[in-house]
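Comments concern the structure below.
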Amino acid sequence: LKSPSPSSDKVIRVMQSNRRTDTIPEKKIRSALFKRGYRFRKDYLIKTVGTKCRPDVVFPRKKVAVFVDGCFWHGCPAHGTWPKSNADFWRVKIENTKKRDNDNDCSLRETGWMVVRIWEHEIPEEAADKIAEAVRISDG
Ligand SMILES: [Zn+2]
């Protein structure tokens with residue numbers, strides 16, 4: 001599978017935003033949590049049976065892992081767009097990401113983690129509500 005040259009400004013922008021740095025939605029969600037008094041880790045590596053991953057927000061003692069998923073890369077049903085040029089390349093890429101997400105979720109859950117998935121399009125305060133609820137009910 002060889003990487004096509006970016007075909008449109010939109011694709012270029014999406015590709016550039018696929019960095020290992022914080023995205024704006026991640027930052028907003030972290031600061032919403034922080035303001036509510038939650039303390040958590042970012043860049044925390046979880047090594048468990050079947051997976052090794054770095055969720056965007058981790059509550060290690062509570063065993064709650066939060067992923068903030070980009071609409072494009074993770075194939076959001078509301079606004080994941082499927083680029084028309086190089087369609088096969090992108091389809092495979094996005095499908096692989098979704099499969100990896102799913103594998104990670106399964107391995108984490110099997111080893112006692114609670115997994116929260118947030119779409120980048122979600123309102124940060126609502127995302128924080130979801131995370132707070134997961135932390136509250138987790139028995140970790
Ligand atoms: Zn979306």
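Order of listing sets the numbers, starting from 1, for every ligand and every atom in it.
Vertex the Zn ion (ligand 1); arms to C71 atom SG and C76 atom SG; angle 120° (nearest 10°).
The N, O or S atom of H79 with the smallest distance to the Zn ion (ligand 1) is ND1. In H121, the N, O or S atom that comes nearest to the Zn ion (ligand 1) is ND1.
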Evaluation steps, salt bridge (charged side-chain N to carboxylate O under 4.0 Å, His left out), between D88 and R91: CA-CA 5 Å; D88 288 348; R91 192 178 38 75; 3.6 Å; yes

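A salt bridge links R117 with D69: the distance from a Lys NZ or Arg NE/NH1/NH2 to an Asp or Glu carboxylate oxygen falls below 4.0 Å. Of the charged side-chain nitrogens involved, none lies within less than 4.0 Å of a carboxylate oxygen, so that K42 and D56 do not count as a salt-bridged pair. Salt-bridge annotation for R30 and E26: present, with a side-chain N of the basic residue lying under 4.0 Å from a carboxylate O of the acidic one.
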